[in-house]
Each structure stands twice: as structure tokens, then as C-alpha cells.
Amino acid sequence: MATATDTPGERSLARLPSDAVRSFKAGFSGEIVLPSDPPYDDARRLWNGMIDKYPAIIARCSGVADVVAAVNFAREHEFSVGVRGGGHNVSGTAVVDGGLVVDLSAMNGVRVDREAGTVRVEGGATLGDVDRETQLFGLATPLGAVSKTGVAGLTLNGGYGHLSRQYGLALDNLVSVDIVTADGRVRTASAARNEELFWGVRGGGGAFGVVTSFEFSLHEVGPEVYAFFAWFRGDEAHRAVDRFREWTETAPRTAGALAVAAHVPELEEFPESAWGETAVAFLGSFRGDLMDAESVFEPLRTGLTPIVDFSGPMAFTDLQSMLDEDYPDGLRYYWKSIYVTEVTDELVDVMVRYNESAPSELSTVDLWHLDGAVGEIPQDATAFWHRDKPYMFAVEANWEDAADDDANVTWAREAIADVQALSVGAGRYGNFPGMNEDPGTLLYGENAARLGELKATYDPETLFVGNEALSERNDD
């Protein structure tokens, strides 16, 4: 009998018929992990140390048949479903208190089709898994900027990265997906099959089912590119961001960069005299003729004295993984964003002020330059709405101690609120979601109603959680 001291997972499991889990296990090829099993505590943990949830069942799937079995079991026994891919899941929606977790992390295969110019990626793969295979042939698909990021979550919510201005979002390069919907059916969605579902998965997050594989188009990239990574003193922040603002107005599509307000880390690569000081860094890349790279980025250096400059040619795979160590497993994370239409002096003031007041020196305030290929696709062509915004202001609160949770979350939320109060701020990005506290209209704009209808069609009982903004619309 369940007691008041049991976890949500144990209480939920206790209501099942005695033979239900036994029967589930008998038809499952992967591993079923229950609260009483030794691997349970490790299996329920996510990359974000803030997340501490207790699912009833963790279904570590070995293939699509396992995913179908897990979805059917959850539906039949009225368990909410969280889907765990291969990466970060900063908001923690992959694990559901008292629910069932479909864990795809063992399904991480990647297969390149050179003749078709595509790559097939399983739902548990990371960016690093993909880059490792595609770069064998000097090819890449636009994904993020940290190799340990999961392909699934990144793509379903958008997918900005080093290649976005040239080739679009990760979701813009999708050719097809295989998805297990709430009824347990395996569907292929593409421009020619299940077109409305294909529209929805491109920007609607994981609201419609478990995507077991993605097919992406490939582009010639690398194997060597130019990486631009230079750090400047905090007292030059306004001048540095002015340079960035001017540079974005004429930057070629083969180049991209973002401005990062940060604190100088205590690493031997940086001068010890600067450790802990405020700073502004530029991170970007150039994929054209490497002989032209210095001149492309020179305007971002003009009149500034670097603390350090790590820029130079490097392998594309090294560019994609150079930030991995900044985001270790178990650190506490709260990321939130707002799109902006213009980089004003007031916006820069907010950026500098919140960097100086950050409760944790591990946190950053980022200004992304978007535009390019992303903005050329009509806003209603996919579920991803905010294509018309040239910039994104993002706050990454990263800290170590649970006692500091409130201070860091409040800091991040107040920064976004201050930008929202300016005339230039509008809309949110699904991969920097805070803790999913924003309404669907901020995420999806005029696509929200259509997404709500699609959710009602493919998941009428809200089996798949983590996108409550759409489910709330179904109740209107």
C-alpha cells in the first residue's frame, strides 16, 4: 500500500494491476526502470541539476517498437508521457512526476546518404553524433553550437546555430520525420505525407508525439572553418556592442556572430589579472575563403583591446564543441529569451547592467544576430513564428548551489521583463523557455491557434506533456 512518504512515481505505480508492468516488460526489448530499481536515481536525473522529478516508469527504448509499446502502455494506464532525447532539456519537461518517460538516449544512430544529400538521425542523438558522421564527407546540417545538445529538442523548437544565417534553422532543413503519435501509430511526416503534422512538428516542440528519427538535408561545410572568439574588457562593453550592431547590418551570410556579456573565467587560458572581471565576448564563424576571414571580422575588433583572442582556423567539429565544458552535467540552469527588433542604447544598458548584477559569475547575457535565411521563409510556412526578428536577447542563469535558485531565477526573469518594457522586445524562443511559464501566443504568435487545433487532433487527451501552452488553448 502506498504511504504519504512515497514519491510521486511510487504512488502512481501502486495504482496499477499487479501484472501490468510484468506484461509490459515481457514485450519490451530495452530496459524498464522502476523506482525500486538500482539505476532509477541516475535514470531520472537530467543535465539541469534544478530538475528533481520522480517518474513511475522509465522506458529506455532500443527501437521504434519499444516506443510504440511505451506510448500504448501509457495511454492505456493513463500515464502522462515525457520524452527524453540525447541532450539538455533545460526546462526539465523530459521527466514527469508520476508519469512515464520515453527515454531515447540509446537510439542515437546517424546515417549519411551522400547521393541524396541527406542524413537520417535517431531521436536520441546529439549534435556531436551528427557532426562526427557528416564531417567525414565535408557535410553538415544546421544545428546548434554545443555538441552535447540533443538534436530532437533543438530541432522541434527551432534550432539556431553557426549555420543559421546561411542555411536556416535546424527545422528548416528537415526533409521528413518518423513520429509515434498518441494512438500508438508510426507516421512519416513530410511535405508530401501528413503535411499538417509536418507543419506542426517544425516549431511546435514535442507536443504531437515521439519523433524517433529526423531526415535532414546536408550542405558543404568544412572540414575547416574560421572561428571568431575574442574577449574585451567590461568597461568597453558599450563600444563593443556598437561595433556588433554596425557589423550585423552588412555581415555576409557566410559569417555569423553573437555578443556575450560575461565574467572572465578563472582558466589558465585567460590572464589571471582579469579573472572575475566583467567582459564582452564575440563568438562566431566564417565559412568562406579563409583568406578573407580576418577582414570579415576586423570591424568587430576596431578600437578595442582584447583580453584574449582565440580566433583562427579550426575544424568545424572543434567549433561545435568548443563550449561544451561551459555547460557541465548537474549545474543549475534557467534560460529565458526575448526577440528584439532593434539594438538600442537602452537595450545595451540592460545587457551591461544585468551582467554586472548577476548573482553567479557563470551566467551570461547574450545578444544573437539572426536574420538571413531564417527570415526569408514565410511565418506561416512552419509552426515557428518569430522569423522576422533580427535579434534575440537571451539570459543564461547558470549556478551551482540550490540555495541560490531564487536569486538566479529572479535575476533572469527581471532582465527579460526590463527588455519587454522597451519598445523593441516581443516574443519568446522555445529552446530558452524558462520553466515554460509563458503563454502560447508569445511562443507561436499567430500560429498558436492552428497549433492548438493540431494538438487536439493528434493528442486529444494531452498524453504528451511539456507544452502546456497548446493544451491550455484546447480548453478554451
Side-chain angles (χ1 to χ4, degrees), residues 8 44-55 80-85 87-102 144 149-150 152-160 171 200-211 332-339 383-386 392-398 405-406 408-417 419-420 425-445 447-449 451-452 454-456 458-459 461-476:
R44 71 180 181 86
R45 289 195 182 97
L46 295 178
W47 163 81
N48 186 352
M50 279 191 77
I51 310 304
D52 187 24
K53 297 180 182 178
Y54 293 84
S80 295
V81 174
V83 184
R84 181 172 190 165
H88 292 157
N89 188 239
V90 65
S91 64
T93 56
V95 178
V96 185
D97 269 331
L100 185 148
V101 176
V102 175
T149 306
L154 176 89
T155 301
L156 295 174
N157 284 301
Y160 294 112
L171 62 80
V201 298
R202 289 177 294 164
F208 310 111
V210 184
V211 179
R332 307 179 81 80
Y333 300 97
Y334 179 90
W335 297 354
K336 201 167 178 64
S337 64
I338 182 170
Y339 289 100
F384 189 91
W385 177 254
H386 294 290
M392 179 170 62
F393 182 98
V395 182
E396 293 187 7
N398 313 316
D405 285 2
D406 288 346
N408 283 275
V409 170
T410 297
W411 170 80
R413 288 176 174 171
E414 289 180 349
I416 296 300
V419 175
Q420 182 73 56
R428 303 287 189 270
Y429 176 42
N431 279 324
F432 300 155
M435 289 297 173
N436 294 308
E437 59 262 21
D438 294 315
T441 50
L442 278 179
L443 287 166
Y444 309 117
N447 287 335
L451 277 166
L454 198 61
K455 177 73 170 175
Y458 284 98
D459 187 15
E461 302 301 322
T462 315
L463 184 72
F464 300 104
V465 300
N467 204 323
E468 283 71 19
L470 296 184
S471 301
E472 288 167 4
R473 293 192 66 84
N474 295 342
D475 297 332
D476 291 344

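- With contacts defined as side-chain heavy-atom distances shorter than 4.5 Å, the pair Val101/Arg44 does not qualify.
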Under the side-chain contact (heavy atoms from CB on, under 4.5 Å) criterion, do Tyr429 and Tyr339 qualify, and how do the steps go? CA-CA 8 Å; Tyr429 176 42; Tyr339 289 100; 3.4 Å; yes
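- For the pair Val95 and Lys53, the tightest heavy-atom approach, listed with the atom from each and the gap, is O-CD, 2.9 Å.
- Residues Thr462 and Lys455 meet the side-chain proximity criterion, which asks for heavy atoms closer than 4.5 Å.
- Although no hydrogens or angles enter the test, the distance criterion places a donor-acceptor pair under 3.5 Å between the side chain of Asn89 and the main chain of Thr93.
- A distance below 6.0 Å separates the ring centres of Tyr333 and Trp47.
- Of the options His386, Gln420, Glu437, a side-chain hydrogen bond (donor to acceptor under 3.5 Å, both in side chains) to Arg428 is made by Gln420 and by none of the others.
- With Asp97 contributing its side chain and Tyr54 its backbone, the two residues share a donor-acceptor pair below 3.5 Å.
- Closest approach of Gly205 and Asn157 over heavy atoms only: CA-OD1, 3.5 Å.
- The shortest distance between side-chain heavy atoms of Trp411 and Val395 falls below 4.5 Å.
- Between the OG atom of Ser80 and the CG atom of Leu100 there is a distance of 10.0 Å, given to the nearest 0.5 Å.
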side-chain contact (heavy atoms from CB on, under 4.5 Å) between Val409 and Met435: does it pass, once the steps are laid out? CA-CA 10 Å; Val409 170; Met435 289 297 173; over 6 Å; no
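- In terms of heavy-atom proximity, Gly153 sits nearest to Asn431 at O-OD1, 3.2 Å.
- Put simply, the side chain of Lys336 does not reach to within 4.5 Å of the side chain of Phe432, judged on heavy atoms.
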Phe208 and Leu454: side-chain contact (heavy atoms from CB on, under 4.5 Å), yes or no, with the steps? CA-CA 8 Å; Phe208 310 111; Leu454 198 61; 3.8 Å; yes
Test side-chain contact (heavy atoms from CB on, under 4.5 Å) on Trp335 and Asn398; report intermediate values, then the result. CA-CA 8 Å; Trp335 297 354; Asn398 313 316; 2.8 Å; yes
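- Scanning all heavy atoms of the two residues, the minimum distance from Ile51 to Ser91 falls at CD1-O, 3.8 Å.
- In terms of heavy atoms, Val90 sits closest to Asn48 at O-ND2, 2.7 Å.
- Residues Val81 and Val96 come closest through the heavy atom pair C-CG2, 4.0 Å.
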